[in-house]
S.K.: 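Next up is a structure, given as structure tokens.
We're numbering straight along the sequence, starting at 1.
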Amino acid sequence: MKTMKAFVKYYKPYKKLFFSDMFCALTLSGIDLVFPLLVGFLMDEVYILQDTQQVTKYIGLIGVALFGMYVIKYFCQYYITSWGHIMGTYMESDMRRDLFEHLEKLSFSYYDEVNTGKLMSCIVNDLFDISEFAHHGPEDIFISVIKIIGTFTVLSFINIKMTLILLGFTVVMLYFSMYYNRKMKKVFAQNRERIARVNAITQDSLGGIRVVKSFANEEIEMDKFDEGNKAFVETKKSSYFIMGKYHSGNSFFQSMLYLTAVLAGGLFITKGEMTVSDLTVYILYINTFLNPIQKLVDFTEQFQKGMTGFERFLSIMNTKPEIQDEKDAADLSRVQGDIAFREVSFGYDEEDILSNINLRIPAGKTVALVGPSGSGKTTFCSLIPRFYEVSSGSILIDGKDIKQITQRSLRDSIGIVQQDVYLFAGSIKDNISYGKPKASDEEIIAAAKKANIHEFIMSLPDGYDTYVGERGVRLSGGQKQRISIARVFLKNPPILILDEATSALDNESERYIQNSLDELAKDRTTLVIAHRLSTIKNADEILVLTPDGIAERGNHDELLDKQGMYAHLYNMQFEAV
């Protein structure tokens, strides 16, 4: 019931369309129920008349009436097929919007565990089936119920004994349908899971196609795809075997209804309890009765596909964002950039990455983080914009706990250049302006100049309108990195996080960018995750992180004098040069 209530709420914005669709469905059902009655009237009342002129008159009137009804039926069918489907499309669009909006709210930890290919399967495949069900479901049920009730009522008046016999067959059909309905629900759920797995493998393989080809591992990827694809085929086969039994069984029962009507009707005629015209009308009504039965049969399959998809949709929608704004959260304004860590701990799956970190970064200072891989440098910085929630302790900006600050204003105050640069499919201008969507062309160009990428952009045939390709595939690593740096120049935030921002640059480019970053860092609170220790000599403080916490802290000269871990790391790089 909870699932159905959640589903029904998507009809509310389109109540007029829905009820108009139902009215047209009611009209169609009425017209289909009237036709056999008119045939019976012709046979019992008109054709037996001796007056040819009178017969012709009645036939003409009935013909005009039927033509009028069929014209009405045409417009009703047109409305159902067009606007009914449009209503379903509107609902699908609303669900897709809600799902995408919810996915945007979920924390990094959710995406650490869920494959994006499976999410894409839900957004595309599942919602399409839900849309079809949203349109056809209520309409088919409504038409079927009206026709079944109407048909049974008329048939009961014609011959109650034979109608009770048909009712017995119908009950058996319903039991048969319910039995296979449960089986189909299970197998359709498996189908969803398997096709989502295929989508996930495809997305993963195509996303890393350059790595695949560089290692000549196309066969390995093909084997993985075949494994997922074959598993999907097996569940699909199972579903078709069940559907085959389901449809053929229902077809058999429908044939038995006709057989019963013919045999029982013949017996009733011989006993004088039924006329030939009654039997003719009866058989016509059986056809009218079987049509909604067939609709219900088809609807059962559609229902299982639609509701299975909707349950997957709800499973995502019911996933609460791990990080949410407090009810009394306030916007962060007039940011100075003073950052404090108080007894901060964080871990994944009960494994501590950071433990009891106590630290203050005064506003406008530059703090560098160094240490071996896995020591928690990126995690440390990710806690400040609340990409992850601290396990214990608190982080303060300008004396305010970040949990009491709205996420939007918090992240608006922080600029991040990541090691793994992500460019969106679009133009260079689009990607730079991502840092400030309403920026003018002059502001975008100024940011590009500060990132030393302007001259390169102007050398391209389309300049700032050059298409970068998916994930910026048409640009080199250094060019992508400089565009991402230009984003931050444009955003101009009071707090900067540079996650190995120059790691993808050659030495010459690094010098240019480093000068720009040094300029940008002036009078701003800056955290630098550095691999090349030569780039952080001028940092106000350097923290050496290890899995056990902050092992060393101080400026460059102080840490060299200690001859500890920092000095060891620095000398290793120096010797390597």
S.K.: Measure the acute angle between the ring planes of Y10 and F313, then classify it against the limits of 30° and 60° as parallel, tilted or perpendicular.
M.R.: perpendicular
S.K.: State whether a side-chain donor-acceptor pair under 3.5 Å links E343 with N358.
M.R.: yes
S.K.: Between E558 and K562, does any side-chain N to carboxylate O distance fall below 4.0 Å?
M.R.: no
S.K.: Answer yes or no: is there an ion pair linking K224 with E227, defined by an N-O contact shorter than 4.0 Å?
M.R.: no
S.K.: Carefully, step by step, assess V468 and I428 under the rule side-chain contact (heavy atoms from CB on, under 4.5 Å).
M.R.: CA-CA 6 Å; V468 301; I428 290 176; 3.6 Å; yes
S.K.: Could you walk me through whether Y464 and I432 satisfy the side-chain contact (heavy atoms from CB on, under 4.5 Å) test, starting with their C-alpha distance in whole Å, then the side-chain angles of each, then the deciding distance to 0.1 Å, before giving a yes or no?
M.R.: CA-CA 9 Å; Y464 280 83; I432 295 177; 4.2 Å; yes
S.K.: Would you say S484 and Q481 are linked by a side-chain donor-acceptor pair, where the criterion is simply a distance under 3.5 Å?
M.R.: yes
S.K.: Under a 4.0 Å threshold between the charged nitrogen and the carboxylate oxygen, would K436 count as salt-bridged to E443?
M.R.: yes
S.K.: Looking just at side-chain N and O atoms, do D465 and S427 make a donor-acceptor pair shorter than 3.5 Å?
M.R.: no
S.K.: Atom CZ of residue position R342 - does it have more than 12 heavy atoms of other residues, nucleotides or ligands inside 6.0 Å?
M.R.: no
S.K.: Can you tell whether the side chains of D331 and R408 come within less than 4.0 Å, N to carboxylate O?
M.R.: no
S.K.: How about F7 and Y11: are their ring centroids closer than 6.0 Å?
M.R.: yes
S.K.: Please determine whether the number of non-hydrogen atoms from other residues, nucleotides or ligands lying under 6.0 Å from atom CZ of F100 exceeds 12.
M.R.: no
S.K.: For D499, is there an ion pair with K377 - N to carboxylate O distance below 4.0 angstrom?
M.R.: no
S.K.: Using 4.0 Å as the upper bound for N to carboxylate O, is an ion pair formed by R553 and E541?
M.R.: yes
S.K.: Within a radius of less than 6.0 Å around CZ of F346, do more than 12 heavy atoms belonging to other residues, nucleotides or ligands occur?
M.R.: yes
S.K.: Please check if the number of heavy atoms outside N538 that lie under 6.0 Å from its CG is greater than 12.
M.R.: no
